[in-house]
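Read the numbers this way: they start at 1 and go in the same order the structure lists the ligands and their atoms.
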Amino acid sequence: MREGRAQFKVNMSLQEENERLKRRIEELERQNNIFEQSRSPEVVWPLPAVEQLSNAEIKRFGRQLILPDVGITGQKKLRNTSMLVVGAGGLGSPICLYLGGAGVGRIGIVDHDEVDISNLHRQVIHTENGVGVNKAHSAAESIRSINSHCEVIAYDKVLDSSNAMDIIPNYDIVLDATDNVATRYLLNDACVLAGKPLVSGSALRMEGQLTTYNYNGGPCYRCLYPTPPPPETVTNCADGGVLGAIPGVIGCLQALQAIKICIGLADTSFLARDPPTLLIFSGASSTLFRTIKLRKRKEDCAVCGENPSITELIDYVQFCGRGATDKDEPLKVLEEQDRIMVEAYQQCLTDKTPHMLLDVREPVQYEICQLPGSYHIPLKQLKKRIDDVKQELESRNLAGSDVYVICRLGNDSQLAVRILEENGISAKDIVGGLYEWANRVDKEFPMY
Ligand SMILES: Nc1ncnc2c1ncn2[C@@H]1O[C@H](COP(=O)(O)OP(=O)(O)OP(=O)(O)O)[C@@H](O)[C@H]1O
Ligand SMILES: [Zn+2]
């Protein structure tokens, strides 16, 4: 018996070692790929400077060239500048289209993800034909079809601590078009270390924000936000929704800001004022735009301060409690015993196990689809409406029975279970929510 257990332990540690080595090989292959890419014979580093614009370029950029703010000098600067766009999603789409169209000489695009049909309402650089294609490659193709003179380099990988310093120092201006906190800190630190301005945007629901970090002696992201928010308080487009035109507006402004930095117009822009400014866009309000002054660079900032404690990239997944590919890493705030799989919940239904199903999605989502018999209270109202839950349990003759909690992806439902348990109601989370239900139990269930 004991021998069997010892053998089991040996097998486990061999298996773990095997997994670790596999991960290491993958990591080395990834780094090697980037190295190969940056050394590929067609790509010359740094971007070779062009002294004169060709007749074809003068014709193509005529409408832009006659602007006194641009002129031949500005157009040549664009031609001789390389910009890195991280994220080819809602923000990255207009950024890439306008930078490519404007005549930026070299554009690098980083994105590990593939185009999904639910991206197309806002990620306008991709098409239905591109569904399933890596977004960096899909965006690169679109730019090339708009401006074949633009040199586009697609990096079909996650930008992380292992590769950021191989990529970022090669570019003049960096644009953050990503959607997660870990990448925001990574980009910030990498841009400070490499001395690059970072044009940063964000968009969610009907709102967007824009600012430029590490530019003109201004603050970096860490000067303003030294510590990341708790992972469970961060919402992304998949959870919160977004109207397509919102990242459209912010992405266009990011492209404009990068162009202004490049041609030397940004110093007179409100975004480079002293103190620097954050632009807030509220798509639902009548005024649309407002600006707020940001604090100046912090002398004791951990990365851009006088005596920085961060002098190389750190582990941002650990620092933020959540990674860049948050789709693959659902929140995990509960212990196993407080959660059940969708198949087990289906079994509860078959066995008629006494329980109440609580759906904690927003009303607008609940209207789209719901499981029969579910009781609905949005997560935001749950704390105030605990008595309603208790009354509903009583009116269904279920007092003391478990409450099973469901949401769309299985994140909010975990937070709801915590609230219920804190209030003396026995509750369990349905892992992966309706998404997993639709995937594994009922293929006909509509998913959005
Ligand atoms: N560290 C990273 N490296 C490479 N690409 C990244 C990184 N972090 C985020 N991205 C990319 O940034 C893009 C952000 O796009 P967007 O905010 O529109 O969300 P999405 O992930 O495409 O959409 P949804 O959340 O609706 O599925 C995504 O394509 C994502 O893959
Ligand atoms: Zn700083």
Side-chain angles (χ1 to χ4, degrees), residues 30 84-96 108-126 133-136 138-139 154-164 167-168 175-193 198 201-205 208 213-215 217-226 234-244 246-248 250-251 276 294-310 316-317 320 322-329 408-409 435 448:
R30 199 169 56 160
L84 183 72
V85 184
V86 186
L91 298 166
S93 292
I95 292 175
C96 289
I109 308 171
V110 197
D111 205 310
H112 58 280
D113 203 4
E114 289 168 2
V115 179
D116 183 83
I117 195 78
S118 68
N119 295 149
L120 299 185
H121 79 114
R122 68 186 191 285
Q123 305 188 12
V124 291
I125 201 164
H126 311 298
V133 174
N134 169 267
K135 287 187 191 177
S138 163
Y155 303 88
D156 52 0
K157 51 204 83 228
V158 178
L159 190 84
D160 59 24
S161 310
S162 75
N163 56 28
I167 300 175
I168 287 175
L175 294 100
D176 182 357
T178 65
D179 57 351
N180 60 84
V181 183
T183 308
R184 252 178 229 297
Y185 279 98
L186 163 75
L187 278 173
N188 179 70
D189 294 359
C191 284
V192 171
L193 296 174
L198 175 64
S202 65
L204 185 68
R205 302 194 176 103
Y213 295 112
N214 198 38
Y215 177 63
C220 80
Y221 185 67
R222 268 185 201 269
C223 291
L224 306 169
Y225 311 102
V234 181
T235 310
N236 60 18
C237 293
D239 293 334
V242 62
L243 189 76
I246 303 289
I250 300 294
L294 295 177
R295 55 161 305 139
K296 292 187 175 185
R297 193 169 73 84
K298 251 172 79 180
E299 276 182 17
D300 61 348
C301 171
V303 66
C304 79
E306 304 301 318
N307 292 303
S309 54
I310 298 167
Y316 295 89
V317 179
C320 300
R322 206 160 181 190
T325 53
D326 41 10
K327 270 176 237 163
D328 306 328
E329 291 170 37
R408 185 154 77 104
L409 300 170
Y435 181 80
Y448 52 93

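- Looking at Asn180 against ligand 1, only its side chain comes within 4.0 Å, counting heavy atoms.
- Between the side chains of Asn180 and Thr178, not a single donor N or O lies within less than 3.5 Å of an accepting N or O.
- Take the Zn ion (ligand 2) as the corner point: the lines to SG of Cys220 and to SG of Cys301 open at 110°, to the nearest 10 degrees.
- Side chains of Cys237 and Asp179 form no contact here, defined as non-hydrogen atoms less than 4.5 Å apart.
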Verdict with reasoning, Asn163 to Tyr155, per side chain to side chain donor-acceptor pair (under 3.5 Å):
CA-CA 11 Å; Asn163 56 28; Tyr155 303 88; over 6 Å; no
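- Residue contacts with ligand 1 do not include Asn236, since none of its heavy atoms lies under 4.0 Å from the ligand.
- Nearest approach of Val303 to Asp189, heavy atoms of both residues: CG1-OD1, 3.7 Å.
- At a 4.0 Å cut-off, not a single heavy atom of Ser93 sits close enough to ligand 1 to count as contact.
- Considering backbone and side-chain atoms alike, Thr178 places every N or O at 3.5 Å or more from each N or O of ligand 1.
- The angle that Cys304 SG and Cys223 SG make at the Zn ion (ligand 2), rounded to 10°, works out to 90°.
- Under 4.0 angstrom from ligand 1, the non-hydrogen atoms of Ala177 all belong to its backbone.
- In this model, no donor atom of one side chain and acceptor atom of the other lie less than 3.5 Å apart for Asp176 and Tyr221.
- When the heavy-atom distances from atom 28 (C) of ligand 1 to Thr183, Asp113, Leu186, Asp111 are ranked, the shortest goes to Asp111.
- Residue Gly90 places at least one N or O, backbone or side chain, under 3.5 Å from an N or O of ligand 1.
- In summary, the atoms of ligand 1 found under 4.0 Å from a heavy atom of Asn119, numbered by their order in the structure, are 22 (O), 23 (O).
- Checking side-chain atoms of Ser93 against main-chain N and O of Gly89 turns up a donor-acceptor pair under 3.5 Å.
- Shortest non-hydrogen contact noted between Cys301 and Arg222 is SG-CB, 3.9 Å.
- Checking side-chain atoms of Asn214 against main-chain N and O of Cys191 turns up a donor-acceptor pair under 3.5 Å.
- Taking a cut-off of under 4.0 Å to the non-hydrogen atoms of Lys135, the atoms of ligand 1 that pass are 20 (P), 22 (O), 28 (C), 29 (O).
- Polar contact with ligand 1: present for Leu159 (N/O pair, distance under 3.5 Å).
- Counting heavy atoms closer than 4.0 Å to ligand 1, residue Lys157 contributes backbone atoms (N, CA, C, O) but none from C-beta onward.
- Inter-residue side-chain proximity for Arg122 and Ile246 is flagged as unmet; no heavy-atom pair is nearer than 4.5 Å.
- In summary, the atoms of ligand 1 found under 4.0 Å from a heavy atom of Ala324, numbered by their order in the structure, are 1 (N).
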